[in-house]
Amino acid sequence: GQQVMQIPQYQHVQEGEDFTTYCNSSTTLSNIQWYKQRPGGHPVFLIQLVKSGEVKKQKRLTFQFGEAKKNSSLHITATQTTDVGTYFCAGEGWQGGSEKLVFGKGTKLTVNP
Amino acid sequence: ETGVTQTPRHLVMGMTNKKSLKCEQHLGHNAMYWYKQSAKKPLELMFVYNFKEQTENNSVPSRFSPECPNSSHLFLHLHTLQPEDSALYLCASSVGDGGNTIYFGEGSWLTVV
């Protein structure tokens with residue numbers, strides 16, 4: 001079945017450094033979504049990418065969807081302490097005759113002030 | 001306020017107890033989900049309901065019994081759980097079960113003693 005791999009599992013940075021998390025799917029995706037879960041909180045939807053090669057920005061966050069629609073990345077420029085949390089990608093693809101949303105295992109980001 | 005409300009937020013139960021988790025969504029969605037989140041498996045899909053019908057059971061042990069009386073309410077009945085079932089149980093909803101954007105509740109922290 002469809003698998004979504006996300007790396008790294010953990011990332012620790014100094015405040016002001018950049019951060020990137022990568023997501024790879026074993027199958028071609030219809031779209032990919034990104035979620036953020038703050039410590040002690042619940043996952044919250046950030047963005048959805050649909051088109052091949054799509055790039056979207058939200059302030060310091062840049063999201064990319066690969067040309068083959070099998071990989072994606074989230075890049076944060078100049079991290080701040082408010083960026084701490086776990087970032088999940090979720091790929092939507094056909095599986096067993098219907099579309100399924102499969103989450104990666106997440107990248108836990110910690111930021112040292 | 002997420003639009004998806006879960007109760008109780010915290011639950012401690014013995015292995016012989018019977019308890020239930022409750023979820024209500026106010027978003028007019030048709031699909032509802034139960035996810036289990038633990039250190040070992042960050043976001044593990046358990047059950048999916050679409051228009052009150054169960055469309056997915058991810059090989060969940062029978063000591064977890066879901067109930068969906070209507071599209072707005074979802075329960076997870078718990079019976080003779082094990083300590084390894086201690087985790088955060090997240091309810092979620094989406095417009096349909098075809099991998100639309102997932103809206104999570106704040107979760108119910110379950111401890112089995």
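A note on names: the letters A, B, ... follow the listed sequences, proteins ahead of strands, and every chain is numbered from 1. Atoms considered below: every heavy atom in the structure, side chains included; atoms not considered: hydrogens, waters and symmetry mates.
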Tell me whether [Y] is reachable from [X] by hopping between hydrophobic residues (I, L, V, M, F, W, Y) whose side-chain heavy atoms are closer than 4.5 Å.
| X | Y | result |
| --- | --- | --- |
| Trp94(A) | Leu29(A) | no |
| Trp34(B) | Leu45(B) | no |
| Val44(A) | Tyr87(A) | no |
| Met46(B) | Leu43(B) | no |

**OP:** Check the surroundings of atom NZ in Lys52(B): do more than 12 heavy atoms from other residues, nucleotides or ligands lie under 6.0 Å from it?
**Re:**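 12 or below, so no.
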Original post:
Around Gln3(A), counting heavy atoms of other residues, nucleotides and ligands shown, do more than 12 lie under 6.0 Å from its CD?
Top reply: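 Atom CD in Gln3(A) is not crowded, with 12 or fewer foreign heavy atoms closer than 6.0 Å.
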Subject >> Test item: Tyr35(A) side-chain N/O and Ile102(B) main-chain N/O as donor-acceptor pair under 3.5 Å >> reply: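 Present.
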**OP:** Side chain from CB out, backbone as N, CA, C, O: work out which of these in Glu44(B) comes under 4.5 Å of a heavy atom of chain A, or both, or neither.
**Re:**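 Glu44(B) has no heavy atom closer than 4.5 Å to chain A.
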**OP:** Measure Tyr35(B) against the heavy atoms of chain A and call it side chain, backbone, both or neither at under 4.5 Å.
**Re:**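 Contact with chain A is through the side chain of Tyr35(B) alone.
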For a quick test of reading the model, state the closest non-hydrogen atom pair linking [X] to [Y] and the distance between them.
| X | Y | answer |
| --- | --- | --- |
| Phe88(A) | Gln37(B) | CZ-NE2, 3.6 Å |
| Leu88(B) | Gly41(A) | CD2-O, 4.4 Å |
| Thr101(B) | Gln33(A) | CA-OE1, 3.5 Å |

Subject >> Spacing of Leu90(B) atom CG and Gln37(A) atom CD [to the nearest 0.5 Å] >> reply: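 Output value for this atom pair is 6.5 Å.
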Original post:
If we only count heavy atoms from C-beta on, is the Phe45(A) to Phe104(B) side-chain gap below 4.5 Å?
Top reply: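 They are not in side-chain contact.
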